[in-house]
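As structure tokens, the structure follows; a few thoughts come after it.
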Amino acid sequence: MLTDKKYRFSNLLNTRIGFFLLVVILFCIKTYIAYQTKFTLGVKGGMQEFLLAVNPIPAALLTLGIALYFSGRLSYWLMMIIDTLESVWIFANILYYREFSDFLSLGVIKGSGNVQNNLGKSLVEILHFSDFFVFLDIIILVALLAFHVIRIDATPFKKRYAFLVTMVSFLLMGGEYGLASTDRSGLLTRTFDNNYIVKYLGLNEYAAFNVYQTQKESATRSKAKASDMDSILKYLDHSRAKANPTYFGKAKGKNVFIIHLESFQQFLIDYKVDGREVTPHLNAFFHNKNTIGFDNFFHQVAQGKTSDAEMMLENSLYGLPQGSAMVTYGAQNTYQAAPAILDQRGYTTAAFHGDVPSFWNRDSTYKSWGYDYFFSSQYYKTKPSYSVGYGLKDKIFFRDASNYIQQLPQPFYAKLITLTNHYPYLLDKQNTDFPATKTGDKTVDPYVQTAHYLDQAFAEFMNYLKRTGLLKDSMIVVYGDHYGISNNHRPAIAQLLHKKSINNYDLAQFQKVPFMIHAPGLKGGVDHSYGGEIDVLPTILHLLGDKNNNTIQFGTDLLSKQHDQRVAFRDGDFVTPKYTKVGSDVYLTKTGKQITPNAVQKRQLASIQNHVTTELSLSDRVIWGDLLRFYTPKGFQKVNRKDFTYQYTKALDNLKQAQKKEPTSIEAKNHSKSTMNLYKTDAPELK
Ligand code: GP9
Ligand code: MN
């Protein structure tokens with residue numbers, strides 16, 4: 001019986017389809033092993049585990065299946081050649097990933113323009129002997145064929161069957177995409193992270209998608225001309241707002257902290273649950289006499305969420321109508337971003353974030369923006385209890401970030417992106433000491449609890465800045481990146497706002513996020529001007545005393561008398577001090593009363609609409625056409641991505657060198673002794 005089975009098995013292997021299946025199975029197994037041992041894809045939950053295990057199958061059937069269309073020996077040869085090519089692709093990605101925590105892209109391979117990453121320079125250094133296992137199956141298969149353990153099946157394989165295999169592979173691919181989309185909607189339209197595409201769809205599908213995207217980009221890019229920039233410059237010439245002398249240069253030479261409050265909405269400021277303030281420290285900060293707090297400041301993000309906010313904040317360019325500009329255009333394009341501008345004025349620039357560096361393509365984009373350092377999750381000690389959701393818990397994050405902040409030569413520009421207050425607002429019991437709201441909506445109710453935690457984390461960090469003296473030498477900019485409660489939760493939002501029901505006007509107003517600027521000696525107060533994330537860069541640059549900055553900015557200084565108060569949403573809707581327009585509904589902003597516009601109002605609305613649409617489309621043209629490569633204003637130097645590396649050991653080495661050259665960090669000033677003893681946190685995980 002047993003021998004019979006064995007006989008049948010080897011008989012099967014001696015057929016073409018049998019051998020083909022063996023090749024496919026071995027290929028899928030090794031790909032899966034590579035996924036598990038050579039990459040950190042962040043697989044969570046049963047569905048993702050399942051997709052990771054099966055995602056090599058469709059592409060293996062498709063690519064290796066090509067060989068089935070050919071006959072005789074050639075067919076076997078082709079299988080081996082395709083397998084080898086596929087394995088080289090895996091192998092190359094393993095090496096690239098080890099260095100850059102990302103997958104190879106067409107841009108990198110073509111080495112076009114400024115995308116090159118010095119790959120190959122240190123290939124030997126990063127190679128591990130075990131990487132060669134991806135070729136093991138091929139060696140075995142060739143040996144089996146060479147020694148006639150498996151015989152070549154010369155009988156012709158019906159083209160119909162080959163075609164069937166191809167069809168099945170497409171079908172499976174479709175099914176896989178369907179399942180992936182239920183777990184992560186917008187996987188390909190929002191394009192979060194290359195790790196996600198590989199984790200859900202596979203390395204081959206990632207490659208195909210990347211080629212498609214790159215081709216699409218380079219088509220618009222190559223169509224763009226230097227003269228396209230002229231109309232943009234002409235438009236912006238009219239819209240630049242003059243600095244307000246009361247504020248101009250008031251923070252000159254100071255360090256700059258950008259504190260990114262994840263999913264934090266303005267309604268939380270001074271909001272109470274059961275008589276308790278949700279965010280007492282942020283409230284106090286908002287009302288501090290040296291803080292300008294804006295209460296009509298809107299987020300303007302679309303699908304790119306956090307990445308859109310970052311794009312606007314630091315470039316004064318809008319995010320794109322679809323997907324994330326950081327992901328699609330982060331590496332390729334030329335930028336005139338805040339870190340680059342300040343870097344060229346003697347600032348050290350650093351971004352801090354407790355998530356993996358690849359998310360929103362930050363590791364790549366930040367180089368184009370001129371960040372000297374990017375302290376991402378790799379830079380912090382971690383234990384399972386230290387993280388929740390996307391990454392490091394805020395209290396631990398601020399504490400660990402401070403260890404690097406104290407080493408930055410001053411003046412510095414430091415952006416800290418928090419994480420814990422992120423949907424679905426998970427937090428362990430030991431960190432939860434605030435009552436949830438009681439709307440009955442499960443995703444909404446814990447929102448105030450993570451916001452409360454974020455508030456405490458913020459306070460601990462502020463105390464550290466005070467104790468070290470950094471507070472008096474810094475300008476602190478705090479902002480909420482976007483909504484935390486989406487419009488899908490109308491009934492819950494109504495309850496939170498203590499209203500019976502809410503309409504489009506309420507939802508538009510609900511998109512307000514905090515924006516505060518604090519600096520010693522700054523004339524503070526609540527500023528009711530209307531504005532949004534697009535306006536932050538010009539505002540900050542004026543406060544820092546940056547005169548005649550002619551870099552491209554679509555926003556205007558919020559503190560300027562000429563500030564443009566028309567706030568554009570990404571979908572073309574808008575809010576101004578007078579009107580709030582959502583789809584075809586128009587409201588008076590002051591009262592919330594819906595109107596049917598009269599002739600005069602119609603004209604005003606049309607003019608605002610025209611402005612909003614023009615501005616959004618011009619900004620898109622800048623990104624799609626990479627127009628900034630054609631325009632380098634006086635006093636600004638084009639960023640060279642090759643100047644930067646975020647590779648852990650190299651970056652730490654650079655930091656050490658920088659401190660030697662410029663002993664101006666607070667640690668250096670503290671006789672090279674750490675100031676971390678001044679950091680007080682009640683994070684239970686650290687006890
Ligand atoms: C991930 C974090 C979240 O690193 O910034 O991004 P979001 O989902 O808010 O866009
Ligand atoms: Mn966010």
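Atoms within a ligand are numbered from 1 in the order they appear, just like the ligands themselves. Atom set for the values below is all heavy atoms of this structure, side chains included, hydrogens, waters and symmetry mates excluded.
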Is Tyr423 close enough to touch ligand 1? Criterion: a residue heavy atom under 4.0 Å from a ligand atom. no
What protein heavy atom is closest to atom 5 (O) of ligand 1, reported as residue, atom name and distance in Å? Arg362 NH2, 2.8 Å
Give a yes/no verdict on a cation-pi contact between Lys199 and Tyr35, requiring under 6.0 Å between NZ or CZ and the six-membered ring centre and an angle within 45° of the axis. no
Answer yes or no for Leu419: is there a heavy-atom contact with ligand 1 below 4.0 Å? yes
Out of all atoms in ligand 1, which are within 4.0 Å of some heavy atom of His353? Include the element for each. 1 (C), 2 (C), 4 (O), 5 (O)
Does Asp355 reach ligand 1 with a nitrogen or oxygen that is under 3.5 Å from one of the ligand's nitrogen or oxygen atoms? yes
To check your reading of the model: name the closest protein heavy atom to atom 6 (O) of ligand 1, its residue, and the distance in Å. Thr306 OG1, 3.0 Å
Could you tell me how the ring of Tyr335 sits relative to the ring of Trp369: parallel (under 30°), tilted (30 to 60°) or perpendicular (over 60°)? perpendicular
Report, in ascending order of atom number, the atoms of ligand 1 lying under 4.0 Å from any heavy atom of His482. 9 (O)
List the steps and the verdict of side-chain hydrogen bond (donor to acceptor under 3.5 Å, both in side chains) for Thr306 and Asp481. CA-CA 6 Å; Thr306 298; Asp481 64 344; 2.9 Å; yes
Considering distance alone, does some N or O of Ser263 sit under 3.5 Å from an N or O of ligand 1? no
Below the 3.5 angstrom mark, is there an N/O of Lys305, backbone or side chain, next to an N/O of ligand 1? no
Please find the pair of heavy atoms, one from Tyr196 and one from Leu187, that lie closest to each other, and give the distance. CB-CD1, 4.0 Å
Quick check, are the ring centers of Tyr379 and Tyr648 under 6.0 angstrom apart? yes
Tell me whether the centres of the aromatic rings in Phe39 and Phe103 are closer together than 6.0 Å. yes
Per-atom contacts of ligand 1 with Glu262, taking only distances under 4.0 Å to non-hydrogen atoms: 9 (O)
The Mn ion (ligand 2) - closest N/O/S atom in Glu262: OE2
Only N/O/S atoms count here: what is the atom of Asp481 closest to the Mn ion (ligand 2) called? OD2
Between Tyr479 and Phe515, is the ring centroid distance below 6.0 Å? no
Atom 8 (O) of ligand 1 has as its nearest protein heavy atom His422 NE2, 2.7 Å
Is it the case that the ring center of Phe285 lies less than 6.0 angstrom away from the ring center of Phe458? yes
Taking N, O or S atoms only and a limit of 2.8 Å, check whether Thr306 reaches the Mn ion (ligand 2). yes
Is Asp481 in polar range of ligand 1, meaning some N or O pair under 3.5 Å apart? no
Identity of the N, O or S atom of His482 lying closest to the Mn ion (ligand 2): NE2
Smallest heavy-atom separation, Pro339 atom then Glu314 atom, equals CD-OE2, 4.0 Å
Do you see a donor-acceptor pair shorter than 3.5 Å between the side chains of Ser529 and Asp527? yes
